[in-house]
Amino acid sequence: MKLKRFLLRYHPPGIILEYLRKSGEVETKSIDLLNLTPETDIDRLIDQILLEEPLISESRKPQLKKLIEKLIEKQLENKKQEFTLFKVLRAHLLPLTNCAFNKSGDKFITGSYDRTCKVWDTVTGQELLSLDEHSNVVYTMSFNTPYGDKIVTGSFDKRAKIWDANTGQCYHTLKGHKMEIVCQSFDPHSMLVATGSMDNTAKLWDVETGQEIFSLEGHKAEIVSLNFNTDGDKIMTASFDNTAKIWDVALDSVFIHWKVIRVSFLVDNSDFTGDYCLTGSIDRTCKLWDVGTGQCIETFTGHNDEVLDACFNSTGNKLATASSDGVARIYNVFTGACIALLQGHENEISKISFNPQGNKIITASSDKTCKIWNTENGSEIQTLDGHEDEIFSCAFNYEGDTIITGSKDNTCRIWKDQEIVKNWNANK
């Protein structure tokens, strides 16, 4: 095997090795640097990498050092940024259901009760496409990250559709569910789509052909969320039946086995390694689970009401929870300790997310505001206000310099780093 080149992965930090096999095939492998910080001893880290990775020779040391320095520089970006309102989009005729970025952040999508999904240019706010073949509410939608060339939409019309993200062509209509589709996900390789429905089942579909591969049956109530892990070999489903199930995905034998995790329900989220997942519950707790064994590793307590959302940071060493009690919390994954309380909202927090760098968190609340927080000490950095009704969705783009918020006031707002806006206005 011969090393061809290095590729950088900023979030979570890592270096991808592209190498040539004797057969002539080009393959890649990753060196995950999940514990990299500005305080890391770079020379010592490089020695450790060379010891463990035979593809990298001593002569590559200077190049490796520059790459690691670049990763650390990326971690330090945007620490003092302020966001300003860039665009207000009155996106749909009827209320919005959700919104999501593609990985690069140059496009985002919105779904609505008006039966459409729309694709938008983040920079100009221009509507690029309207995907309008559903006959009922478009409730859930996403890009096939990291590629961004396809979109899947799930609807109350009991169907999902796979679209070309550039032309709006509908490749496939996925028929088979007996009730509303409320959640969906592409696998990381963009080969599979999973859909979850109020009919108590999840289904797995082939992206290329649109054919149903398998139906996941076993839940006794509606499936409300699902996610693939990072490798795409497992999928987790969470249901109103107070359980979450972890399914092993193998394309030859489809599903090898499943495990049941007993929870009171709600969110599911996998860390970057795919070794752990989260569930949030009406019992006011969030639980960390071992995906391999199905065992509960840690129970995170402290909330006084239902946990509505939870997420890992990009490296998986912190998690954050949002609750109906109007408070968000940040925990150390390894110790279980609550390291910050995010207090300031006047009503329930329904959505929470880390920025890719992991130094900020955004929360969306029914008090009509989003807030940005410092993840180190829990201090409030900024309030994004202006919406006239509950905010139900918020997200950072991959660079962490743009935010979208979706509200029941039927608008979607684009917020950008004010330095970017200044430069954009200067160059108009």
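Given the structure is predicted, the values throughout are model-derived calculations rather than measurements.
- With 3.5 Å as the limit, one finds no donor-acceptor pair spanning the side chains of T369 and D385.
- Residue F300 comes nearest to N332 through the heavy atom pair CE2-O, 4.0 Å, listed as atom of the first residue, atom of the second, then distance.
- The distance from atom OG of S314 to atom CD of Q357, rounded to the nearest 0.5 Å, is 8.5 Å.
- Ion pairing of E399 with K74 is present here, as a side-chain N (NZ or NE/NH1/NH2) and a carboxylate O approach within less than 4.0 Å.
- D164 and Y171 form a side-chain donor-acceptor contact under 3.5 Å, judged by distance and modelled atom types alone.
- For the atom pair NZ (K61) and CD1 (I56), the distance works out to 11.5 Å, reported to the nearest 0.5 Å.
- Side-chain polar atoms of N166 and D149 form no donor-acceptor pair below 3.5 angstrom.
- The two residues C277 and I246 come nearest to each other via the heavy atoms SG-CD1, 4.3 Å.
- A donor-acceptor distance shorter than 3.5 angstrom exists from the side chain of N102 to the backbone of D106, with no hydrogens or angles considered.
- When the shell of 6.0 Å around CG of D47 is examined, it contains more than 12 heavy atoms from other residues, nucleotides or ligands.
- Annotation: salt bridge (charged side-chain N to carboxylate O under 4.0 Å, His left out) contacts involving residues 315-343, sequence neighbours excluded, comprise K318-E376.
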**Study point:** Derivation and outcome, side-chain contact (heavy atoms from CB on, under 4.5 Å), residues F354 and T375
**Key:** CA-CA 8 Å; F354 285 91; T375 58; 3.8 Å; yes
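- A salt bridge links K65 to D43: one of the charged nitrogens lies within less than 4.0 Å of a carboxylate oxygen.
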Exercise for review: Decide yes or no on side chain to side chain donor-acceptor pair (under 3.5 Å) for T405 and W415, but give the supporting numbers first.
Suggested key: CA-CA 8 Å; T405 55; W415 313 78; 3.0 Å; yes
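- The backbone N or O of D32 sits nowhere less than 3.5 Å from a side-chain atom of S30 that would complete a donor-acceptor pair.
- Among all heavy-atom pairs drawn from P188 and P146, the shortest one is O-CD, 3.9 Å.
- When all heavy atoms are compared, the tightest approach of R413 to G386 is NH2-O, 3.1 Å.
- Between the side chain of N355 and the main chain of K360, a donor-acceptor pair closer than 3.5 Å is present.
- Atoms CZ and CD, from R5 and Q63 in turn, are 11.5 Å apart once rounded to the nearest 0.5 Å.
- The backbone N or O of G148 lies less than 3.5 Å from a partner atom in the side chain of N144, making a donor-acceptor pair.
- Using a 3.5 Å distance cut-off with no hydrogens or angles, the side chains of T116 and D132 do not pair a donor with an acceptor.
- No side-chain N or O of T153 forms a donor-acceptor pair with one of K161 less than 3.5 Å apart.
- With a 4.5 Å cut-off on side-chain heavy atoms, F392 and L96 count as touching.
- Counting heavy-atom neighbours within 6.0 Å of E52 CD, excluding the residue itself, gives a total above 12.
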Practice item. Could you go through the salt bridge (Lys or Arg N to Asp or Glu O under 4.0 Å) check for E73 and K70 one step at a time? Key: CA-CA 5 Å; E73 285 175 14; K70 196 168 183 179; over 6 Å; no
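- S353 places no side-chain N or O within 3.5 Å of a backbone atom of I362 that could act as its donor or acceptor partner.
- Using modelled atom types, one finds a donor on one side chain and an acceptor on the other under 3.5 Å when comparing T299 with K287.
- Inter-residue side-chain proximity for W373 and Q382 is flagged as unmet; no heavy-atom pair is nearer than 4.5 Å.
- By the 4.5 Å heavy-atom criterion applied to side chains, I31 and I49 are counted as neighbours.
- Of all heavy-atom pairs spanning A328 and I349, the tightest one is N-CD1, 3.7 Å.
- Nearest heavy atom pair, residue A364 against residue C394, reads CB-SG, 3.7 Å.
- Within 6.0 Å of NZ in K103 there are more than 12 heavy atoms belonging to other residues, nucleotides or ligands.
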Check your understanding: For V327 and L342, what are the C-alpha separation, side-chain angles and deciding distance, and is it a side-chain contact (heavy atoms from CB on, under 4.5 Å)?
Key -> CA-CA 6 Å; V327 176; L342 313 184; 5.7 Å; no
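- Between F108 and W120, the ring planes lie parallel to each other; the angle is under 30°, not in the 30° to 60° tilted range.
- Inspection of the Q184 and T140 side chains reveals an N or O donor paired with an N or O acceptor under 3.5 Å.
- The cationic group of K416 lies under 6.0 Å from the six-membered ring centre of F86 and within 45° of the ring axis, placing it in a cation-pi geometry.
- Under the 4.5 Å side-chain criterion, counting only non-hydrogen atoms from C-beta, R21 is in contact with E27.
- Considering NZ of K203 and CD1 of I181, their distance stands at 9.5 Å, rounded to 0.5 Å.
- Side-chain contact check for R284 versus T301: every heavy-atom pair is 4.5 Å or farther apart.
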Point to revise | Worked check of side chain to side chain donor-acceptor pair (under 3.5 Å) between S393 and N98 | key: CA-CA 6 Å; S393 183; N98 218 328; 3.2 Å; yes
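- A salt bridge is absent between E388 and K408: the closest approach of a Lys/Arg side-chain nitrogen to an acidic carboxylate oxygen does not fall below 4.0 angstrom.
- The number of heavy-atom neighbours closer than 6.0 Å to OH of Y139, taken from other residues, nucleotides and ligands shown, is 12 or below.
- Taking a cutoff of 4.0 Å between a charged side-chain nitrogen and a carboxylate oxygen, K66 and E69 do not qualify as a salt bridge.
- Side-chain polar atoms of K245 and T237 form no donor-acceptor pair below 3.5 angstrom.
- Once rounded to the nearest 0.5 Å, the distance linking CG of D417 with CG of N397 reads 10.0 Å.
- Contact check for S323 versus E306: no side-chain heavy atoms found under the 4.5 Å cut-off.
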Exercise for review: Give the C-alpha distance, both sets of side-chain angles, the deciding distance and a yes or no for side-chain contact (heavy atoms from CB on, under 4.5 Å) between I403 and I372.
Suggested key: CA-CA 10 Å; I403 292 168; I372 303 169; 3.8 Å; yes
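- The OG1 atom of T195 sits 7.5 Å away from atom CG of L226, with the distance rounded to the nearest 0.5 Å.
- When atom types are taken as modelled, the side chain of N347 and the backbone of D367 share no donor-acceptor pair closer than 3.5 angstrom.
- T97 contributes a side-chain N or O that, together with a main-chain N or O of G111, makes up a donor-acceptor pair within less than 3.5 Å.
- You'll find the side chain of E127 stays beyond 4.5 Å of the side chain of D121, heavy atoms only.
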Practice item. Quick one: do H345 and K371 satisfy side-chain contact (heavy atoms from CB on, under 4.5 Å)? Show the steps, please. Key: CA-CA 8 Å; H345 281 295; K371 291 182 182 289; 3.5 Å; yes
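- Formation of a donor-acceptor pair under 3.5 Å by the T40 side chain with backbone atoms of I42 is not found in this model.
- For the pair R9 (side chain) and P12 (backbone), a donor-acceptor distance under 3.5 Å is present.
- By the 4.0 Å N-to-carboxylate-O rule, E419 lies close enough to K422 to be salt-bridged with it.
- Under the 4.5 Å side-chain criterion, counting only non-hydrogen atoms from C-beta, C296 is not in contact with L288.
- At distances below 3.5 Å, not a single donor-acceptor pair connects side-chain atoms of T411 with backbone N or O atoms of V88.
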